[in-house]
Amino acid sequence: MGGGESSRRTERERASGAESVARPSRALTALTTSALAVPGLALPARADSPVEQASSSYAFSYYLEDDLESDRLAPGGGSRERYEVLTHQLDFKLPVAKRVDVGVGFLYEEMSGASPWFVQPDTTGDKRLQVMSGATIEDERYDLSADLSYYMDESKDTFSAGFSKERDYFSVHGGLGTERSFADKNTTFSASGAFSYDWIEPTDADLFAERPSAGERWSVDLFTGLSQILSRASAVQGTINYKHSDGYLSDPYKAIRGFSSGDTVVSDRRPDQKDQLSLLLRYRHHFEPVTGSLHLDYRLYVDTWAVTSHTVELAWHQNLFGFLTIVPGVRYYSQSKADFYETLLLAGTVESTPGDRSSDYRLSPYGAISGKVKAEVALEDVLDYQPGGKLESIGFTGGLDLFVAFSYERYFSDGNFGLVSVGDEDEAPGLVNFQVFAVTLTGRF
Amino acid sequence: MRIRIRSSRLILSLPILFALAATGCAKVSPWERDLLARRDMSWEPDSLEAKRESHIYFSKEASMPGGSGGGGGCGCN
């Protein structure tokens, strides 16, 4: 073991020295990464140098929605219990050659619960009440994605691809991205393009006349971004995403009804095209005297369905005793409604087969506030071992560092939380509150 | 395209302002980047967490994720 430790220390020292002098690009690892909103191009948080050590992360999370409030549920409107999701994630990152590294990610999750179906008025006609899906939905999702990156001295090119499968849904995606650094790597430009193809086969299509038996859509996603070091302790990043989607964009499990008691319920129907544009600005600042880092993110989003949204996220990463990091964070979100969103259709419009319509709470005007706290413990050098030749060639250096993290998030949404006031006739009774518990275990080998 | 013109112009003009501002920054040498290299200074310190959150917000809100990839999936219900 001694020889292994020795060679490992040498490797560590080499890497450590490189970090400050010979390989300055290591210092940019976290800073020049383009954060891509494209499913096919979700580059990991690293930049223009290959990873030096193999690493693997496993996370388990439990997502739980609050029960629908009893005064928002329509009489006979189904179960108040909403969604819960159990998720397992597993990632690997390996340096497979001097200039090449690969990442592979698996995901498996189980979903169950009831979901909002359509809205109806109460007896006075003033208040909106939610009708939930009749049966408890049970589904599972598998997701596999991989990326391969090739590095040059001032650049990085990435290819990525993956798919996601549910009982009633299949999605495949792929993309290409590039990063170029300038000004001694103080500035990094990134750009990418990706496509995705989605296919849906709604369950129980034979039970609902208006529910399609199948639908498909494709999307093209373009991205560009710029990262800039501002000082020895601060950096800023700006990114723009444009996405065009074409095909079946409705939700087959949502419906809308007319205002009058005799009105029938008709299916959710959305435009078959959508253009989305988002701008994300991110700022990072480290305060050396207190060993803490500030994260500030702002996102502006607009689309051709008339939704505009603003998102602000603020987090503080406080390091304690060298091995513990506590991260409190808050997030604020506000969106306007889609131009075809209504809780109920006006009298008579059901019969006249109106155009696009949806009562989906996710297209309603509202705001959301969430808070999160995370604690991470870093346990370095917990195990020494002798890697074989093959393992050594893919980044196994002879030592094991462990990182264990616990996090909790609480999310509340409400029509009154938005930037613009919302009338009773527009506020969706199905707006969701949820919480997420998560534990993550990361090994660096 | 029916995207609101004012918002679109704002989104498209900000990178130019961003680039102009960046030209005024002091250059930081490679050996001065120890703080910038810290894990807690990365854009996304925890990639699994970023993917998970992105997928949740994608499923529950109307907006397109602005950060890391949301991954596939219906996002229905």
Side-chain angles (χ1 to χ4, degrees), chain A residues 19-21 24 27 30-31 33 35-39 42 44-45 57 59 61 83 89 91 115 137 141 143 164 166 169 171 173 186-187 226 228-230 232-233 235 237-238 243 251 253 275-280 282 284 286 288 293 299-302 304 307-309 317 335 362-363 432 440, chain B residues 1-4 7-8 10-12 14-15 17-19 21-23 25-77:
Chain A
E19 189 154 300
S20 58
V21 183
L31 293 165
T33 304
L36 308 185
V38 190
S57 295
S61 58
Y83 240 42
Q89 295 168 278
D91 267 17
S115 116
I137 302 156
R141 184 166 82 91
D143 192 301
S164 172
E166 289 164 64
Y169 201 88
S171 173
H173 55 77
N186 275 245
T187 307
L226 203 60
Q228 176 66 45
I229 291 176
L230 299 175
R232 188 172 161 260
Q237 183 190 62
K243 183 175 184 179
D251 188 328
Y253 304 114
D275 293 285
Q276 298 166 282
L277 194 60
S278 80
L279 167 79
L280 176 66
R282 306 207 268 198
R284 303 287 178 265
H286 183 72
E288 197 173 7
S293 295
R299 178 186 60 174
L300 171 63
Y301 167 89
V302 292
T304 49
V307 174
T308 297
S309 78
H317 293 243
Q335 73 172 48
R362 292 169 295 189
L363 298 175
V432 68
T440 306
Chain B
M1 222 157 86
R2 284 183 294 158
I3 284 178
R4 288 181 187 173
S7 297
S8 302
L10 178 63
I11 287 180
L12 296 172
L14 277 172
L17 294 173
F18 182 90
T23 58
C25 300
K27 197 169 167 182
V28 177
S29 300
W31 55 87
E32 295 177 312
R33 294 178 196 165
D34 54 326
L35 301 179
L36 296 169
R38 292 175 59 90
R39 187 165 181 231
D40 59 21
M41 280 291 284
S42 55
W43 300 118
E44 285 175 356
D46 184 336
S47 62
L48 288 185
E49 179 185 57
K51 281 187 207 174
R52 178 172 64 242
E53 289 184 353
S54 184
H55 187 72
I56 290 172
Y57 296 139
F58 154 75
S59 300
K60 298 297 160 188
E61 297 173 345
S63 307
M64 172 169 62
S68 66
C74 180
C76 302
N77 307 306

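We name chains A, B, ... by the order of the sequence lines, and we start the count at 1 in each one.
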Distance (rounded to the nearest 0.5 Å) between [X] [atom1] and [Y] [atom2]:
{"X": "B:Met64", "Y": "A:Leu277", "atom1": "CE", "atom2": "CG", "result": "6.5 Å"}
{"X": "A:Gln89", "Y": "B:Lys51", "atom1": "CD", "atom2": "NZ", "result": "7.0 Å"}
{"X": "A:Arg284", "Y": "B:Met41", "atom1": "CZ", "atom2": "CE", "result": "8.0 Å"}
{"X": "A:His286", "Y": "B:Asp34", "atom1": "NE2", "atom2": "CG", "result": "8.5 Å"}
{"X": "B:Ser42", "Y": "A:His317", "atom1": "OG", "atom2": "NE2", "result": "8.0 Å"}

>> Can a donor-acceptor pair be found, under 3.5 Å and without considering hydrogens, that links the side chain of A:Arg362 to the backbone of B:Ser59?
In response: yes

>> Looking at B:Glu61, is its backbone amide N or carbonyl O close enough to the side chain of A:Gln335 to form a donor-acceptor pair, meaning the two atoms are under 3.5 Å apart?
In response: no

> Side chain, backbone, both or neither: which part of A:Thr440 has a non-hydrogen atom closer than 4.5 Å to chain B?
Replying inline: side chain

> Mind checking what makes salt bridge (charged side-chain N to carboxylate O under 4.0 Å, His left out) contact with B:Glu53, not counting sequence neighbours?
Replying inline: A:Lys372

>> Minimum heavy-atom separation for A:Ala233 and B:Leu36, please, with both atom names.
In response: C-CD2, 3.9 Å

> Between A:Tyr301 and B:Ser63, what is the shortest heavy-atom contact and its length?
Replying inline: CD2-OG, 3.5 Å

> Do NZ/NE/NH1/NH2 and the carboxylate oxygens of B:Glu44 and A:Arg282 come within less than 4.0 Å?
Replying inline: yes

>> Run the side-chain hydrogen bond (donor to acceptor under 3.5 Å, both in side chains) test against A:Ser61 and tell me which residues pass, sequence neighbours left out.
In response: none

> Side chains of B:His55 and A:Asp143: closer than 4.5 Å at any heavy-atom pair?
Replying inline: no

